[in-house]
Colleague: 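After the structure tokens below, expect a handful of questions from me.
Nothing here was measured: the structure is a model prediction, and the numbers come from that model.
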Amino acid sequence: MTQYRIEKDSMGELKVPANALYQAQTQRAVDNFAISGLTMPVWFIQALAYVKSAAAKTNQELGHLQPHISEAIVDACEKVLTGEYYNQFPVDVFQTGSGTSSNMNMNEVLATLASNSLDENVSPNDHVNMGQSSNDVIPTSIQVSCCIGVYYHLLPAANHLINALTQKSKEVGHICKTGRTHLMDAMPITFAQTLDSWKSQIENAIAGINTSLEQVKSLAQGGTAVGTGINADPQFAGKFASNLSASVGISFKPSENFFYNIGSQDAIVALSGQLKTLAVAIIKIANDLRWMNSGPLSGLGEIELQALQPGSSIMPGKVNPVIPEAAAMVGAQVIGNDATITVAGQSGNLELNVMLPVIAHNVLESINLLTNTCYHLADKAIVTFVVKQENINKSLNKNPILVTALNPVIGYLKAADIAKKAYKENRPIIDVALEETELTQQELENLLNPEKLTQGGIA
């Protein structure tokens, strides 16, 4: 039989596992919300510990918390941040909408650790939660965790992908290939133009994410229950932001309107929208890679992705584009997460949003998935693909659409007739144009040179 102890809160007594660092309110949440088995993300737990540490330091500086208790709470936060006690945060994502259970979970764990180190009672509410409410702690922790995830994980990953695209462009960018619109043959382009297009998608998505983070760095902390700042020192918000910034290494500031940050999650909704933009860019790149890799005999066969694993349990020798497929699925998940965050963001009922935990879960999952996908796409697809020059040249030289370059010289209708004849007879466009126009071989070779056509302009 599991060993337990008796804990008491404002609602009475209940059993708590003997070795648990949390106390009664956490146990009530565990009992009440056995819904998904999903617990709050690690980055959120880290952010919550940073918030509690900064709050303890601030309350000490303002003369409201005894130094030895503050120091014990800060030390307990450091222990949580090492990862040793993550198993002490068992509360389900699908809990009370304010995240009160997660706030009290952290308060209780820190209080137990601090009490043990001091050999005196440290209160989860009166000491650890001093000058705070779940209603400003949880929005603040969501925003801090997003900043941690983006600045320390997603941005390095995205830059890694950008660097991979840049390097690959230098390697194969000079090679011409048939461009395609509507999946049909179009004017030629270079690999550099394709790769640089992908790179611009990632760069612009990251620019949007960075812009949205400016609002995310404005915090609710100090607004307490409804935004008025009841039970918090008037100087708390500013000093808290300074202490938090020093600990996390990111520049935070108090919100100009606590009611905004507590009653809405618009800043996170906006960030999620920018994460969705990055997801859409990744899906686009993944699908382009899949098309270019298709075949190897009956598809486009323009590139060959690295063979990573057998592609079929029944067809020997089959190899599939598994990394682009995984990346596309991540994109779909992030888009779905954004839809959840959008719905949850609407649940700012009067003075409090009441879908905070599911917002935290989904936005942090999106950041984590996109981070890992950027690395995988860069290292196992972009850097390693090989260009199939022979296949590219076969279709490039016979492409009837090259006749577009003759429009200014012979007119659209005449050019269309030449293209149709070349396609029907499966002949190079230059041979048909030589028969159907008065242009010389040298003139046609100059006008229909694929490399020159990738540079644009008028013949």
Side-chain angles (χ1 to χ4, degrees), residues 40-41 43-44 47-48 50-51 54-55 93-103 129 131-151 208-232 236-238 240-241 244-245 248 250-279 334-367:
M40 297 301 288
W43 290 337
F44 177 83
L48 193 48
Y50 278 122
V51 166
V93 167
F94 299 95
Q95 54 170 287
T96 176
S98 62
T100 298
S101 297
S102 286
N103 183 38
N129 201 58
Q132 306 151 62
S133 164
S134 300
N135 298 353
D136 61 353
V137 165
I138 299 302
T140 296
S141 297
I142 292 172
Q143 292 179 219
V144 172
S145 60
C146 285
C147 290
I148 290 172
V150 171
Y151 281 119
I209 290 170
N210 276 321
T211 298
S212 69
L213 282 176
E214 291 307 307
Q215 191 61 43
V216 176
K217 290 186 288 187
S218 296
L219 303 178
Q221 203 65 51
T224 66
V226 294
T228 61
I230 186 69
N231 288 356
F236 180 90
F240 169 86
L244 182 67
S245 300
V248 180
I250 297 170
S251 181
F252 296 104
K253 62 183 180 181
S255 172
E256 295 179 359
N257 189 320
F258 293 136
F259 300 96
Y260 164 80
N261 287 78
I262 294 173
S264 82
Q265 281 290 288
D266 290 357
I268 300 301
V269 171
L271 171 62
S272 179
Q274 298 300 331
L275 295 172
K276 179 178 69 175
T277 301
L278 178 57
V334 171
I335 292 169
N337 288 349
D338 179 66
T340 299
I341 291 165
T342 301
V343 172
Q346 299 172 44
S347 295
N349 303 323
L350 302 177
E351 278 66 61
L352 178 67
N353 183 285
V354 289
M355 288 197 181
L356 296 175
V358 79
I359 289 174
H361 170 75
N362 279 274
V363 70
L364 294 177
E365 180 179 71
S366 291
I367 294 169

Colleague: Using a cut-off of 6.0 Å, state whether more than 12 heavy atoms not belonging to Asn231 lie near its atom CG.
Modeller: no
Colleague: Do side-chain atoms of Ser98 reach the backbone of Val354 as a donor and acceptor pair under 3.5 angstrom?
Modeller: no
Colleague: Any idea which heavy atoms bring Ser134 and Pro139 closest together, and the distance?
Modeller: O-CD, 3.7 Å
Colleague: So do the side chains of Ile262 and Val226 get within less than 4.5 Å of each other, counting heavy atoms only?
Modeller: no
Colleague: Nearest 0.5 angstrom please: Ser366 OG to Asn337 CG, how far?
Modeller: 3.5 Å
Colleague: With rounding to the nearest 0.5 angstrom, report the OG1 to CE distance, Thr96 to Met355.
Modeller: 12.0 Å
Colleague: Looking at CG of Asn353 and CG of Asn135, how far apart are the two atoms once the value is rounded to the nearest 0.5 Å?
Modeller: 10.5 Å
Colleague: With rounding to the nearest 0.5 Å, note down the distance linking CZ in Phe240 to CD in Gln132.
Modeller: 7.5 Å
Colleague: Please report the interatomic distance OG(Ser102) to CG(Leu356), rounded to the nearest 0.5 Å.
Modeller: 10.0 Å
Colleague: Distance-only, no hydrogens or angles: does the Ser145 side chain make a donor-acceptor pair with backbone N or O of Ile142 under 3.5 Å?
Modeller: yes
Colleague: With distance as the sole test, does Asp136 use its side chain to make a donor-acceptor pair with the main-chain N or O of Ser133 at under 3.5 Å?
Modeller: yes
Colleague: Minimum heavy-atom separation for Ile250 and Tyr151, please, with both atom names.
Modeller: CD1-CD1, 3.6 Å
Colleague: Before giving the answer on side-chain contact (heavy atoms from CB on, under 4.5 Å), spell out for Asn129 and Asn103 the whole-Å C-alpha distance, their side-chain angles and the decisive distance to 0.1 Å.
Modeller: CA-CA 9 Å; Asn129 201 58; Asn103 183 38; 3.3 Å; yes
Colleague: Do you know which two heavy atoms are closest between Lys253 and Ala241, and how far apart they sit?
Modeller: CA-CB, 3.9 Å
Colleague: Indicate yes or no: at least one non-hydrogen side-chain atom of Ser141 is less than 4.5 angstrom from one of Phe44.
Modeller: yes
Colleague: Ignoring hydrogens, what is the shortest heavy-atom contact between Leu213 and Cys147? Give both atom names and the distance.
Modeller: CD2-SG, 4.2 Å
Colleague: Would you say that Tyr50 contacts Thr140 through its side chain, given a criterion of any heavy-atom pair below 4.5 Å between the two side chains?
Modeller: no
Colleague: State, with a plain yes or no, whether a side-chain heavy atom of Thr228 is found less than 4.5 Å away from one of Phe259.
Modeller: yes
Colleague: Between Gln143 and Ser218, which heavy-atom pair has the shortest distance, and what is it?
Modeller: NE2-O, 2.8 Å
Colleague: Would you check, one step at a time, whether the test side-chain hydrogen bond (donor to acceptor under 3.5 Å, both in side chains) holds for Ser272 with Asp338?
Modeller: CA-CA 6 Å; Ser272 179; Asp338 179 66; 2.7 Å; yes
Colleague: Nearest 0.5 Å please: distance from the CG atom of Leu244 over to the CD atom of Gln221.
Modeller: 9.0 Å
Colleague: Quick one: closest heavy-atom pair of Val363 and Cys146, and the distance?
Modeller: CG1-SG, 3.5 Å
